[in-house]
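The structure under discussion appears below in the form of structure tokens.
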Amino acid sequence: MTTSLILAQAAGATSVGNPWVNIAIFAGFVGVTLVIVLRASKNNKTAADYYAGGRSFTGTQNGTAIAGDYLSAASFLGIVGAIAINGYDGFLYSIGFLVAWLVALLLVAELLRNTGKFTMADVLSFRLRQKPVRIAAAISTLAVCLFYLLAQMAGAGALVSLLLGIDEKLGQSLVIVVVGALMILYVLVGGMKGTTWVQIIKACLLIAGTAVMTVWTLALFGFNFSELLGAAANVAGTDAVLNPGLQYGASSASKFDFISLALALVLGTAGLPHVLMRFYTVPTAKEARKSVVWAIWLIGAFYLFTLVLGYGAGALIGPERIKAAPGGVNSAAPLLAYELGGTLLLGLISAVAFATILAVVAGLTITAAASFAHDVYASVLAKGKTTPAQEMKVARRTVIVIGILSIAGGIGAQGQNVAFLVALAFAVAASANLPTILYSLFWKKFTTQGAVWSMIGGLGSAILLIVFSPVFSGRETSMIPTADFALFPLANPGIVSIPLAFFLGWLGSVLDKRTEDVSKSAEMEVRSLTGVGAEKAVDH
Amino acid sequence: MSSNPQHEVEAEVDFIAEQNSEEFKELRKTHRSFVFPMAIFFLLWYFAYVIMADYFHDFMSIKVWGNINMGILLGLLQFVSTFAITAAYVRFSNNKLDPKAKKIRERLEKKGA
């Protein structure tokens, strides 16, 4: 590995830094978080402890954890790279990710905290028939988690080649196995409490690291943002990087595709099951509100940093060098870190990127496991006749199964273009989850049939449209470039699947011959707004 | 839900009567009168921005100050409006929603116990 590194450096410094420094800093992060996870695990006695961290986190802690859960490696490396190369259009992407939090703040977080216990399905099935709604909600939860997990694990392989200089497939697979095994360990032992602490620490490191780089970059341009923009345009050789259109403005299809993506981003966030589950880790709705407020500040600040870092990388490194480096677009942030602070800052930023993957996959895994054990196993398979101990046993086994699946998927997806998976996860969350959440919180006449039609229709249409889109076939960049069955012209299904799911939810309800329990509906509405009988924090 | 001892108390509460009470209707009206218009406003403003960035490149490329153009300015305004709506909602809930919700909650919990 050292020889390959020296060779690479000799070949024009495409690979920079010292992989051992990166590994050492990451190992330090793993060591610290492991100790915390082990300490947190001592209080994991009940299901509320395991799934919801005993509901004892404060709004500030939970908000930081939400930021840690939400800001994936893709949004850090991907957005900085996108701004560095495509300029303004990369920035456009991050705005959708931030504005989306207003949906969660205004319409979802507090009402959900007041009515549910552990999973999204708790809220959706509150006043509807348990079995069909829980199964549909669990299917869409598992689908979103799986798409997101695969994207993260495949990204881990790419990150390895970029940051550790391991280019062989075997070495990359080994790192995916290590990341997967660590993730299983964290979730198995630490439960939601351990996972939350990993996310809090990671969020602090990520935001502190990017803040330092932002101030540093701005200082090089005399704290004049306009000058930084000018330098980036100079290096790129065109003013076009400052204007919209470089990435999405190519054709009328790509413009329309962006509208579709924007819709999925802004409506998807409040339907992401791993984000929803975080609202149960605080004692009251008021703390849930504080969580979202704190998350909005942190996430907003982070995306402002990426704007500076993206143009900073464009100005100080230049799009040509970034594209030529191993890892391509994703190498913009690490290259900028090396340019600014040398080996040590690069090591820190690399370790943060790894920690990011670890924290995000841990959050997804516990969500998927909770949904399977609580919604499918306890409520449907065992028909409610199970003990919390038995349910937690199932949850822990599910963690192992999901961990192994995501390791296998991550290794299998290496080298494949799986970037569409994150966009697909948002599209499914926006079409299968959000309509049903909003209907059940705000529309009295919503019925079981409406919920099932909306969820299955939203999930099915989003996946079908992706399969028949240019993502899968018909282009050189498709997964199957040799075939062409791309009947749907857009890479993002949201613009069709989201309205369709809202429509199906309405249609299924008005056509439903069965009526729902009026007193349950009244109880849900009173509880959602007042917090009567909401799950309390666990005392230890 | 009834397997949790914390919920046993609610068996005593007549939620349908509570839902129809003037006090609860007032709370619901207050809540919806803020969150619905605000949600519609920020969604319209966000999509107006997306459509401008997507279809009106010339307008977005107008330089306003130095190298900062309309696009960057409106993009940063999206951040500002998001932060402002967040702050406004917190103020509104602390002053208008929480006291009303608390009153009903405490009355119902007393009734149930």
Side-chain angles (χ1 to χ4, degrees), chain A residues 88-89 91-92 95-96 98-99 101-103 105-107 110 117 126 224-230 233 239 242-245 248-249 255-256 258-259 262-263 266 285-286 289-290 292-293 296-297 300 303-304 307 384 442 518-527 529-533 535-536, chain B residues 1 3-4 6-7 9-10 13-20 24 27-28 31-32 34-36 38-39 42-43 46-47 49-57 60-61 65-69 71-72 75-76 78-79 81-83 85-87 89-90 93 97-98 100-102 104-105 108-109 112:
Chain A
Y88 190 83
D89 282 8
F91 178 48
L92 205 50
I95 290 174
L98 173 71
V99 171
W101 280 96
L102 288 177
V103 180
L105 177 73
L106 296 175
L107 302 174
E110 293 167 52
K117 268 168 97 175
F126 193 102
N224 184 337
F225 186 56
S226 168
E227 210 156 286
L228 168 66
L229 292 177
D239 252 9
L242 307 183
N243 306 332
Y248 302 109
K255 284 181 183 177
F256 205 55
F258 183 71
I259 303 261
L263 199 63
V266 83
K286 196 172 171 138
R289 179 194 310 151
K290 270 190 203 159
V292 187
V293 170
I296 286 177
W297 288 110
Y303 285 131
L304 287 175
L307 178 67
F442 294 106
V518 193
S519 64
K520 270 281 168 200
S521 167
E523 182 183 345
M524 181 172 181
E525 192 175 57
V526 173
R527 278 181 55 168
L529 283 175
T530 61
V532 168
E535 300 283 326
K536 307 279 192 306
Chain B
M1 292 277 158
S3 63
N4 189 322
Q6 276 164 6
H7 293 298
V9 292
E10 278 119 64
V13 177
D14 181 355
F15 280 107
I16 297 177
E18 191 52 46
Q19 190 184 31
N20 290 319
F24 181 76
L27 169 68
R28 181 173 59 196
H31 179 251
R32 294 192 174 184
F34 185 90
V35 299
F36 285 172
M38 209 48 124
F42 88 77
L43 284 173
Y46 172 68
F47 279 101
Y49 164 76
V50 164
I51 286 167
M52 280 199 281
D54 214 13
Y55 291 95
F56 298 91
H57 294 167
M60 294 298 254
S61 307
W65 180 77
N67 290 304
I68 294 170
N69 55 22
I72 302 266
L76 292 176
Q78 287 285 334
F79 281 76
S81 62
T82 302
F83 292 148
I85 291 172
T86 304
Y89 175 69
V90 170
S93 354
L97 282 179
D98 288 352
K100 284 182 185 162
K102 193 174 169 221
I104 300 179
R105 184 173 63 238
L108 292 183
E109 277 169 355

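Since the model is a prediction, treat every value here as computed from it, not as a measurement. Naming: A, B, ... by sequence-line order, numbering from 1 per chain.
Between B:I104 and A:L529 the shortest side-chain heavy-atom distance does not fall below 4.5 Å. Using a 4.5 Å cut-off on side-chain heavy atoms (C-beta onward), B:Y49 and A:V99 make no contact. Looking only at side-chain heavy atoms (C-beta outward), A:L105 and B:I85 stay at 4.5 Å or farther from each other. A 4.5 Å side-chain heavy-atom check between B:V13 and A:V532 finds every atom pair outside the cut-off. Under the 4.5 Å side-chain criterion, counting only non-hydrogen atoms from C-beta, A:R289 is in contact with B:D98. The closest side-chain heavy-atom distance from A:W101 to B:T86 is not below 4.5 Å.
At a 4.5 Å heavy-atom cutoff, the contact between B:Y89 and chain A is made by side-chain atoms alone. Contacts of B:N20 with chain A are absent, with no heavy-atom separation under 4.5 Å from either backbone or side chain. Neither the backbone nor the side chain of A:K290 comes within less than 4.5 Å of any heavy atom in chain B. With a 4.5 angstrom heavy-atom cutoff, A:I296 touches chain B via backbone and side-chain atoms both. The contact between B:D54 and chain A is made by backbone and side chain atoms together, counting heavy-atom distances below 4.5 Å. With a 4.5 Å cut-off on non-hydrogen atoms, A:V103 touches chain B through its backbone and its side chain both.
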Practice prompt. May I have the step-by-step check of side-chain contact (heavy atoms from CB on, under 4.5 Å) for B:I72 and A:F225, ending in yes or no?
Written response: CA-CA 11 Å; B:I72 302 266; A:F225 186 56; 4.0 Å; yes
Practice prompt. I would like to know whether A:L307 and B:L76 meet side-chain contact (heavy atoms from CB on, under 4.5 Å); could you show each step before the answer?
Written response: CA-CA 10 Å; A:L307 178 67; B:L76 292 176; 4.1 Å; yes
Discussion item. B:F24 vs A:T530, test: side-chain contact (heavy atoms from CB on, under 4.5 Å). Steps then yes/no.
Written reply: CA-CA 9 Å; B:F24 181 76; A:T530 61; 4.2 Å; yes
Discussion item. Does A:L228 form a side-chain contact (heavy atoms from CB on, under 4.5 Å) with B:N67? I'd like the steps, not just the answer.
Written reply: CA-CA 9 Å; A:L228 168 66; B:N67 290 304; over 6 Å; no
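B:E109 and A:G533 get closest at one heavy-atom pair: OE2-N, 4.1 Å. For the pair B:W65 and A:S226, the tightest heavy-atom approach, listed with the atom from each and the gap, is CZ3-CB, 3.9 Å. Listed here is the closest heavy atom pair of A:G245 and B:H57: CA-CE1, 3.4 Å. Of all non-hydrogen atoms in B:F47 and A:I259, the two that sit nearest each other are CE2-O, 4.4 Å. When all heavy atoms of A:P244 and B:M60 are compared, the pair lying nearest together is CG-CB, 3.6 Å. A pairwise comparison of heavy atoms in A:Y88 and B:A53 identifies CE2-CB, 4.3 Å as the closest pair.
Of the listed residues (B:I68, B:V90, B:L27), the greatest number of heavy-atom pairs within a distance under 4.5 Å of chain A belongs to B:I68. Ranked by heavy-atom pairs shorter than 4.5 Å toward chain B, the options A:G230, A:A262, A:A233 are led by A:A262. The candidate from A:F256, A:Y303, A:F258, A:F442 with the greatest count of non-hydrogen atom pairs under 4.5 Å with chain B is A:F442. Heavy-atom pairs under 4.5 Å with chain B peak, among A:M524, A:K255, A:E110, A:E227, at A:K255. With chain B as the partner, the residue from A:D239, A:N224, A:V518, A:L242 showing the most heavy-atom pairs under 4.5 Å is A:L242. Contact count versus chain A (heavy atoms, under 4.5 Å) is highest, among B:Q78, B:R28, B:M52, for B:R28. Between chain B and the options A:I95, A:N243, A:L102, the largest number of non-hydrogen pairs under 4.5 Å is found for A:L102.
Atom NZ of residue B:K102 and atom NZ of residue A:K286 lie 9.0 Å apart, to the nearest 0.5 angstrom. Between B:F83 atom CZ and A:L98 atom CG the span is 6.0 Å, to the nearest 0.5 Å.
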